[in-house]
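Naming: A, B, ... by sequence-line order, numbering from 1 per chain. Any value given below was found using the heavy atoms of this structure, including those in side chains, with hydrogens, waters and symmetry copies removed. Quantities reported herein were computed from a predicted structural model and do not represent experimental measurements.
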2 protein chains.
Amino acid sequence: MVTTTTAASVDLAAARFFRVLGDPTRVAILQLLMQRPHSVSELVEATGARQSRVSTHLACLRWCEFVTTERAGRKVIYSITDPEVGEVLRRGMELAQARLDHLVACERIGPEWA
Amino acid sequence: MVTTTTAASVDLAAARFFRVLGDPTRVAILQLLMQRPHSVSELVEATGARQSRVSTHLACLRWCEFVTTERAGRKVIYSITDPEVGEVLRRGMELAQARLDHLVACERIGPEWA
DNA sequence: CCGGTGCATCCGGACAACCGGATGGATAGG
DNA sequence: CCTATCCATCCGGTTGTCCGGATGCACCGG
């Protein structure tokens, strides 16, 4: 069957999908955008991250089409593209909160867990 | 408010949560376990990954309590701990599939996108 | 008791992702 | 125009994560 190649591709795509959500700064950004559209400077202000960092993360989210942009004068306004993605994020955050202690304690994904 | 500290922690926990899901091998493993419990050797067989790799990934999933183990003779049987996690995985895979081309093309999360 | 199977962990080594700081382009205001 | 603001991207360096191969322990069958 033709789906043989696809099976691995789907795993790969899924992994990339979740990896995009696997950064605290991007989580914070997406959370803010779920409330309402924000300009870059607002996101910098709200997250406390450097401007270059925020822009890079936004480029990542833009590329993956998690967010869309719109120019407004000197500012660029970012919005969530698909509410579905936000929904998965929300569900994940709930589950993460339940396991908060474990996950935060899990410093590394490689060796060196207790 | 007291939630100030927590806000960042939640982002961190969520990021770790999703990062665990952000590896193709772990996605494949979890998918198999969502169907039914598997022994390590079965997972090695099914995924095509090396045994040491599979065991390491399982250690990660075990630590984060995504899976639980049960000894059966010389074998160790792994099962999904919480169906909720599997549900998030499933939803994510659907969304990833829709964006498959984009996500697979996105070789890197850092710079160097087209 | 001994050999064999099944699994977990250790050991470098390689690369991807993250970061801060600096540079450069676009836009509006004086 | 000229300047200041806002944003995107580049650069060098650091760390985290993944990997294959090898070692060691637990358990079962003979």
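Partners of S41(A) according to the side chain to side chain donor-acceptor pair (under 3.5 Å) rule, which considers only residues two or more places apart in sequence or in another chain, are S39(A).
If you take CH2 of W63(A) and P of dA8(D), they are 16 Å apart, rounded to a whole angstrom. In this structure, CD of E70(B) is placed 16 Å from C1' of dC27(D), rounded to the nearest angstrom. If you measure from atom CG of L21(A) to atom C1' of dA17(C), you get 16 Å, rounded to the nearest angstrom. The nearest whole Å value for the distance from the CZ atom in R26(B) to the C1' atom in dT17(D) is 9 Å. Atom CZ of R16(B) and atom P of dA17(C) are 17 Å apart (whole Å). Between L61(A) atom CG and dA17(C) atom C1' the separation is 14 Å, expressed in whole Å.
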Nucleotide N/O of nucleotides 1-7 of chain C paired with protein N/O under 3.5 Å:
{"unit_1": "dG4(C)", "atom_1": "N2", "unit_2": "R74(B)", "atom_2": "NH1", "d": "3.3"}
{"unit_1": "dC7(C)", "atom_1": "OP1", "unit_2": "V40(B)", "atom_2": "N", "d": "3.2"}
{"unit_1": "dC7(C)", "atom_1": "OP1", "unit_2": "V76(B)", "atom_2": "N", "d": "3.4"}
{"unit_1": "dC7(C)", "atom_1": "OP2", "unit_2": "S41(B)", "atom_2": "N", "d": "2.7"}
{"unit_1": "dC7(C)", "atom_1": "OP2", "unit_2": "S41(B)", "atom_2": "OG", "d": "2.9"}

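Comparing dG20(C), dA8(D), dC19(C) by their nearest atom to the side chain of S52(A) picks out dG20(C). Ranking dT9(C), dC18(D), dA8(D) by closeness to the D23(B) side chain, first place goes to dC18(D).
Environment of CD in E45(A): sparse, with no more than 12 heavy atoms of neighbouring residues, nucleotides or ligands closer than 6.0 Å.
Proximity of F18(A) to V20(B): side-chain heavy atoms (C-beta onward) are nowhere separated by under 4.5 Å.
Proximity of R19(A) to the phosphate of dA16(C): no side-chain N or O atom is located under 4.0 Å from OP1 or OP2. At the phosphate of dC19(D), OP1 or OP2 sits under 4.0 Å from a side-chain N or O atom of H57(B).
Judged by closest nucleotide on DNA chain C, R50(A) is the one of R50(A) and G73(A) placed further toward the 5' end.
No continuous path of ILVMFWY side-chain contacts below 4.5 Å connects L58(A) to I77(A), so the two sit in separate hydrophobic clusters.
In this structure, R99(A) pairs ionically with D82(B), as a charged nitrogen and a carboxylate oxygen lie closer than 4.0 Å. Ion pairing between E87(B) and R91(B) fails under the 4.0 Å rule for side-chain N and carboxylate O.
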